[in-house]
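Below is one structure, written out as structure tokens; the observations come after it.
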Amino acid sequence: MSVIVADTFRARVAGAAVTTTEGLNVGGACTATSFVGTITGSTGTFSGAVNIDDTTNSTSITTGALIVDGGVGIALSLTVGGSVSVGGTLTYEDVTNIDAVGLITARNGIKFGVAGVGGTIRANGDTTLVGVVTASEFVGGGSGLTGLNIPAGFTELDAALFN
């Protein structure tokens, strides 16, 4: 193995880049003022911030300043300064407020309004509503209904026939 000790590498032609034909292994930090090319086969760890300066406003998965052709895992927080577009399913936990237009799938049910004022629809379909409920039809025995306006002298059965 040969060792070359130098402070600066420079190509023979002014303005040309120093090139290698079989790669370059750097044992310490590698600093560059710019990078051109494709990063492939990277298995190392990057520390510090990575900043990509580009004004491209991506409108698809094939445009933009950064295109990732694989999964992305984020260990800490994610902050997005612009819009977010999701082509598949968006799954997230521990959410307090959701503003949704369209279909909502709720794993553990839905609560709306403040406690004791709104209502709850549980995952099994049981529903608790506080306040006035208006419906064109009720199905069931009605034995738990309260506050019915039944005329004096009529029983609940008479009132059911009356309506």
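Below, all heavy atoms of this structure are taken into account, side chains as well, without hydrogens, waters or symmetry copies. Computed from a prediction, not measured in an experiment: that's the story for all the values here.
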Ala106: partners by side-chain contact (heavy atoms from CB on, under 4.5 Å), with sequence neighbours left out: Ile110

Please name all residues satisfying side-chain contact (heavy atoms from CB on, under 4.5 Å) with Thr62, sequence neighbours left out, ordered by chain then number. Ser60

Does Thr127 use its side chain to pair, donor to acceptor, with the backbone of Gly125 at less than 3.5 Å? yes

Using the test side chain to side chain donor-acceptor pair (under 3.5 Å), find all partners of Thr128 that sit at least two apart in sequence or belong to another chain. Arg122

Partners meeting side chain to side chain donor-acceptor pair (under 3.5 Å) with Asp126 (sequence neighbours left out): Asn124

Considering all heavy atoms of both residues, which atom of Ala11 and which atom of Ala17 are nearest to each other, and what is their separation? CB-O, 3.7 Å

When the side chains of residues 67-88 are checked against the rest of the protein, which donor-acceptor pairs come out under 3.5 Å, sequence neighbours left out?
none

When rounded to the nearest 0.5 Å, the distance separating OG1 of Thr134 from CG of Leu129 is 10.5 Å

Candidate pair Phe112 and Thr120, rule side-chain contact (heavy atoms from CB on, under 4.5 Å), full reasoning: CA-CA 6 Å; Phe112 47 93; Thr120 302; over 6 Å; no

Transitive ILVMFWY cluster of Val18, excluding itself - 4.5 Å side-chain cut-off: Ile4, Phe9

